[in-house]
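Reviewing the structure listed below.
Counting starts at 1 for both ligands and their atoms, following the listed order.
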Amino acid sequence: MRKLSALAVGAVFIGAGLAGPVPSASAAAAATCADNFESAVAGYMYAYDGANCVGQLGRAFGNDQDWSDSASSFQGSDTNKASSVLNKGNHQEVKFFASPNTGSTFNPHICLTRAEGFASNLSDDYFMKDSVYGSANNSISAHIWVDRTACSALAT
Ligand SMILES: [Ca+2]
Ligand SMILES: [Ca+2]
């Protein structure tokens, strides 16, 4: 009985230690996009439901102009879900769109360059780098590979 209560006290103490002054720092250490980038297949872009490249939605070697349809790399519920993205492409940047991309009407975008590698939390990023177009978080519906010159807004 005495032993059990000593363990219980210890557990409480450890719990309090973990919930201490820097919970966000320990969470950041637990998940990062750096290891995902390391293990990503060259030539592909990846998208994840969570921040810090947690919960892979899919990956693509080519374009997917509609993440809500039932074709290509991203389908159905993948649309409006990405919270972090990764670019391990061989040659180009990835241009993400707020809506399925018809090419005929204005569609707010944000690009992720190969140099940047990944955006670990899209809640930091607005389409067109302007809050008027809304957060890119949980709002991406399409992507295409483009040259740098096709991007006016870059994810960071
Ligand atoms: Ca999400
Ligand atoms: Ca699709």
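Inter-residue side-chain proximity for Leu122 and Ile140 is flagged as met; some heavy-atom pair is nearer than 4.5 Å.
Our summary of the site lists the angle at the Ca ion (ligand 2) between O of Phe74 and O of Asp66 as 100°, to the nearest 10 degrees.
The nearest N/O/S atom of Asp49 to the Ca ion (ligand 1) is O. In terms of distance to the Ca ion (ligand 2), the nearest N, O or S atom of Asp69 is named OD1.
Residue Asn137: no N/O/S atom is found under 3.0 Å from the Ca ion (ligand 1). Residue contact annotation: Asp64 places an N/O/S atom under 3.0 Å from the Ca ion (ligand 2). For the Ca ion (ligand 1), the N/O/S atoms of Tyr48 include none lying under 3.0 Å. Look at Ala71 and the Ca ion (ligand 2): an N/O/S atom of the residue is under 3.0 Å from the metal. Lys81 lies close to the Ca ion (ligand 1), since one of its N, O or S atoms is found at a distance under 3.0 Å.
With 3.5 Å as the limit, one finds a donor-acceptor pair spanning the side chains of Asn80 and Ser141. Side-chain N/O atoms of Ser83 and Asn138 include a donor and acceptor closer than 3.5 Å. If you check the side chains of Asp66 and Ser68, you find a donor sitting under 3.5 Å from an acceptor.
For the pair Ser120 (side chain) and Cys33 (backbone), a donor-acceptor distance under 3.5 Å is absent.
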| task | Evaluate side chain to side chain contact (heavy atoms under 4.5 Å, CB included) for Tyr46 paired with Gln56, printing each intermediate quantity in order. | result | CA-CA 7 Å; Tyr46 291 68; Gln56 186 178 317; 3.7 Å; yes
